[in-house]
Participant: 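One structure follows; several queries about it will come next.
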There are 2 protein chains.
Amino acid sequence: MVSTLKPQLGANPERARSHNKQLVLRAIRHVGAVGRAEIARASGLSTQAVSNIISDLLGEGLLIEQGVRSAGRGLPVQQYAIKPDGGYAFGVEVRPTAVFTALVDLVGTPVLTRRIPLHSAAKSTILETVKAQLHCALTEAKISKGALMGAGIVMPGPFGDTGLTGTASELPGWNIGDPAEIFANTLHLPVFVENDANAAAMAERMNGVARGLDDFAYLYFGQGLGLGLVQNAQILQGAFGNAGEIGHIQVFVDGHAVELESATSRLSVQACLAREGLEVTNMEDLISLYSSANRHLLLWLDKAAQALSSALSIIENLFDPQTVILGGAMPDVILDHIIARTALPERSVSNRPDRAHPRLMRGTSGRMTATLGAAALVLHQAFTPTIAEAR
Amino acid sequence: MVSTLKPQLGANPERARSHNKQLVLRAIRHVGAVGRAEIARASGLSTQAVSNIISDLLGEGLLIEQGVRSAGRGLPVQQYAIKPDGGYAFGVEVRPTAVFTALVDLVGTPVLTRRIPLHSAAKSTILETVKAQLHCALTEAKISKGALMGAGIVMPGPFGDTGLTGTASELPGWNIGDPAEIFANTLHLPVFVENDANAAAMAERMNGVARGLDDFAYLYFGQGLGLGLVQNAQILQGAFGNAGEIGHIQVFVDGHAVELESATSRLSVQACLAREGLEVTNMEDLISLYSSANRHLLLWLDKAAQALSSALSIIENLFDPQTVILGGAMPDVILDHIIARTALPERSVSNRPDRAHPRLMRGTSGRMTATLGAAALVLHQAFTPTIAEAR
DNA sequence: GCGTTAACTCAACTTTCTTGAGTGTTCAAG
DNA sequence: CTTGAACACTCAAGAAAGTTGAGTTAACGC
């Protein structure tokens, strides 16, 4: 029996150190400013070990001293915080008609964002554009390539040849080869590839309403509707990287079964309004229709909320998340309206009296959500201990 | 801001060793018999380190030498394998009317199984019964308590106070306090608590059709219908331990929306046949009805397959598993029939041409599946590297 | 036969963590 | 106001575990 062993990392002093460094960074990021003793208690390491690690991190420019706090008796705590310019992450969102890029610093603050129209969706064009934009961004922000920790790429899923291939949002030519590897070879950087929903979820976890949450679901309004799943502080990818393809499951609207995406997505609202002779091309159009209480839009919103209620029941019962977040390329007012109208299923494991978070929340909205999420993938990696990471 | 830091383990030499030991055990279990060099390559450790660890494990009685294999040139490999009597795991399944127990060895072979009727479903009765049965099993199998690695407990979910509370299968009195802690204090052993579906999934992974799979879903026919989810070699538990409550989601049968569990479960088939005046109390009744091609049973099977097809679409698109396994307390013939009749959704990320496993497979069936799964929880723990385990 | 290949061992070395003693600061009780 | 307990942190010695590189043994193939 020649069964291949899945490579998994054993622990040696070097990797242990790297693991502990990320653990310390993560702890500091989590609370903003902490002392060494507290980190030691939380990590199960000795204060001495934490002290040594912090002195390392200070040397690497990833931390700054953040004043002393006198907490009751004893010597006041020397606190530390993440140094914002200690590192940068590049985020890229690839769409058929344009490439969006963002450069964010170590705490997740965007330094620069760009939208570059594509004259062709060819693979080579995309690779060249991304590469050019990366150098452009570094030059403009006066950041050395050494300070760049990696690039996150958002691409429309599903990846590989599946039963959903043929969907509108797809890019040609990416079915063969591993996109992460292709980008890594082009950019000479660590690269992380995810779909828009997963990336948006990470963005929300880094600097949004999901901050500090380790188990949540994120419904992302893009072209269609995607589901980003964070379980145990990690993105749930599935065996082939296509988990969260929620758009094509059947839900109920007015007693009929429809594909979720056909009731709840940007394409859906555009199509619905187009049938009424209303052309909607951007978010502003939607906002103005909404503020004028357009009947057709309100009708669509009701159906979307119904569909969402079905989806919510499925998500809650299958994942038992801390909360479900709604976000993406839709105006705030629209998302808020949908959330207010979505019936929270009673027969759900999430219908518990001792909840700490609402069952449905609005996340960051707007066109850049996924792009910032792409950058967040890199930051997440930097703050996640690596030993025993199976992939 | 007083934000509590989530305890997560830092790496020190001791924990690193324990991590590496489990890594080595896992590798050996995975392929059955391996040499040191191969493990070293797979784990990223030096052969020397692996050698030292193996000599430790031999001393602890967890491994045995397993002959030499000459693999081409070079010195023949000294192979090692898990020593079956190197340790034991106790599995318990608690139901309202009876407690099932199993004692399995380190490779998962059952040494002894029992069914103990309960005269009361009171918490104290259950605890006492389990404790007595544990000692009973150890005595009978002539195994010292020191060789016992832990106990796995299967209890009907959902845990805690949820919107599904009030379901038939529940046990009274367990909503307060952590069941795992309660059992651990009673049995003085490491304890792992899961629902039936998750446990059954682990059983299948240890010694069944899911052997070697790291991402799969397991649909478990119990009283109702449960979903066990294994993602990245770990059970997906959800934020509150209630992930996989698939029984209450809405699916389509003959164009109508019904709760999945009402179309596909033991209670469902019993109720359906009872309406026709047929009383079914055990699996043998079902088998004989099936072999006589009972019209009502066949009708029910068709509806069950329809419902399952909807569920399959949801599971595949949300989790993107390697395969979906059907198993539990139903006869093989029934499961096989359902599998044969279940339409595999076309619009699914799992509908890919390059599949290595069927989309729907039959797992171990029979009443003991979940009980053996309970024991498998302990074994899984023993073979899973621990550093950075977040829970 | 003899050189090549490969698994494994031995002994010295390196990294990292831990331990325990010691220092400095703050608060509270006498 | 003094004294002692509490607490964060540092220093130096020691321990645990992995790595490295040289050496040994055995099988294969020309």
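Just the heavy atoms: all of them, side chains too, but no hydrogens, waters or symmetry mates, feed the values below. Residue numbering restarts at 1 for every chain, and letters A, B, ... go by the order of the sequence lines.
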Participant: What pair of heavy atoms forms the shortest contact from Ala102(B) to Leu372(B), and how long is it?
Facilitator: CB-CD2, 3.9 Å
Participant: Could you work out, with side-chain hydrogen bond (donor to acceptor under 3.5 Å, both in side chains) as the rule, every residue matching Arg73(A), not counting sequence neighbours?
Facilitator: none
Participant: State, to 0.1 Å, how close Arg15(B) and Ser43(A) come at their nearest heavy-atom pair, and which atoms those are.
Facilitator: NH2-O, 3.8 Å
Participant: Going by distance alone, is a donor N or O of one side chain under 3.5 Å from an acceptor N or O of the other, for Asn185(B) and Glu181(B)?
Facilitator: no
Participant: Which nucleotides of nucleotides 5-13 of chain D have their base under 4.0 Å from a protein heavy atom (B), which only their sugar-phosphate (S), and which neither (-), written as one string 5' to 3'?
Facilitator: -BBBSBBB-
Participant: What protein N or O atoms touch nucleotides 16-18 of chain D N or O atoms at under 3.5 angstrom, if any, and at what distances?
Facilitator:
from: dG18(D); atom 1: OP1; to: Asn20(B); atom 2: ND2; distance (Å): 2.7
from: dG18(D); atom 1: OP2; to: Arg17(B); atom 2: NH1; distance (Å): 2.4

Participant: Quiz question: by atom type and distance under 3.5 Å, do the side chains of Glu194(A) and Gln237(A) form a donor-acceptor pair?
Facilitator: yes
Participant: Between Leu58(B) and Leu63(B), what is the shortest heavy-atom contact and its length?
Facilitator: CD2-O, 3.4 Å
Participant: Can you give me the first and the last nucleotide of DNA chain C (5' to 3') that has an atom within less than 4.0 angstrom of a non-hydrogen atom in chain A?
Facilitator: dT15(C) to dA28(C)
Participant: Just by modelled atom types, is the Val107(B) backbone N or O under 3.5 Å from a matching donor or acceptor in the Arg29(B) side chain?
Facilitator: yes
Participant: If you look at every heavy atom in Ala141(A) and Leu103(A), which pair is closest and at what distance?
Facilitator: CB-CD2, 3.8 Å
Participant: Below the 4.0 Å mark, does dA26(D) have OP1 or OP2 next to a side-chain nitrogen or oxygen of Ser70(B)?
Facilitator: no
Participant: Honestly, is Arg26(A) close enough over Phe383(A), meaning NZ or CZ under 6.0 Å from the six-membered ring centre and within 45° of the axis?
Facilitator: no
Participant: Just by distance, no angles: are the side chains of Gln66(A) and Gln78(A) close enough, under 3.5 Å, to form a donor-acceptor pair?
Facilitator: no
Participant: At 10 degrees resolution, what angle do the end axes of the helix from dG1(C)-dC30(D) to dG30(C)-dC1(D) form when each is taken over five base pairs?
Facilitator: 10°
Participant: Under the side-chain hydrogen bond (donor to acceptor under 3.5 Å, both in side chains) rule, collect the residues that match up with Tyr88(B), sequence neighbours excluded.
Facilitator: none
Participant: Tell me whether the count of non-hydrogen atoms from other residues, nucleotides or ligands lying under 6.0 Å of CD in Glu60(B) goes above 12.
Facilitator: yes
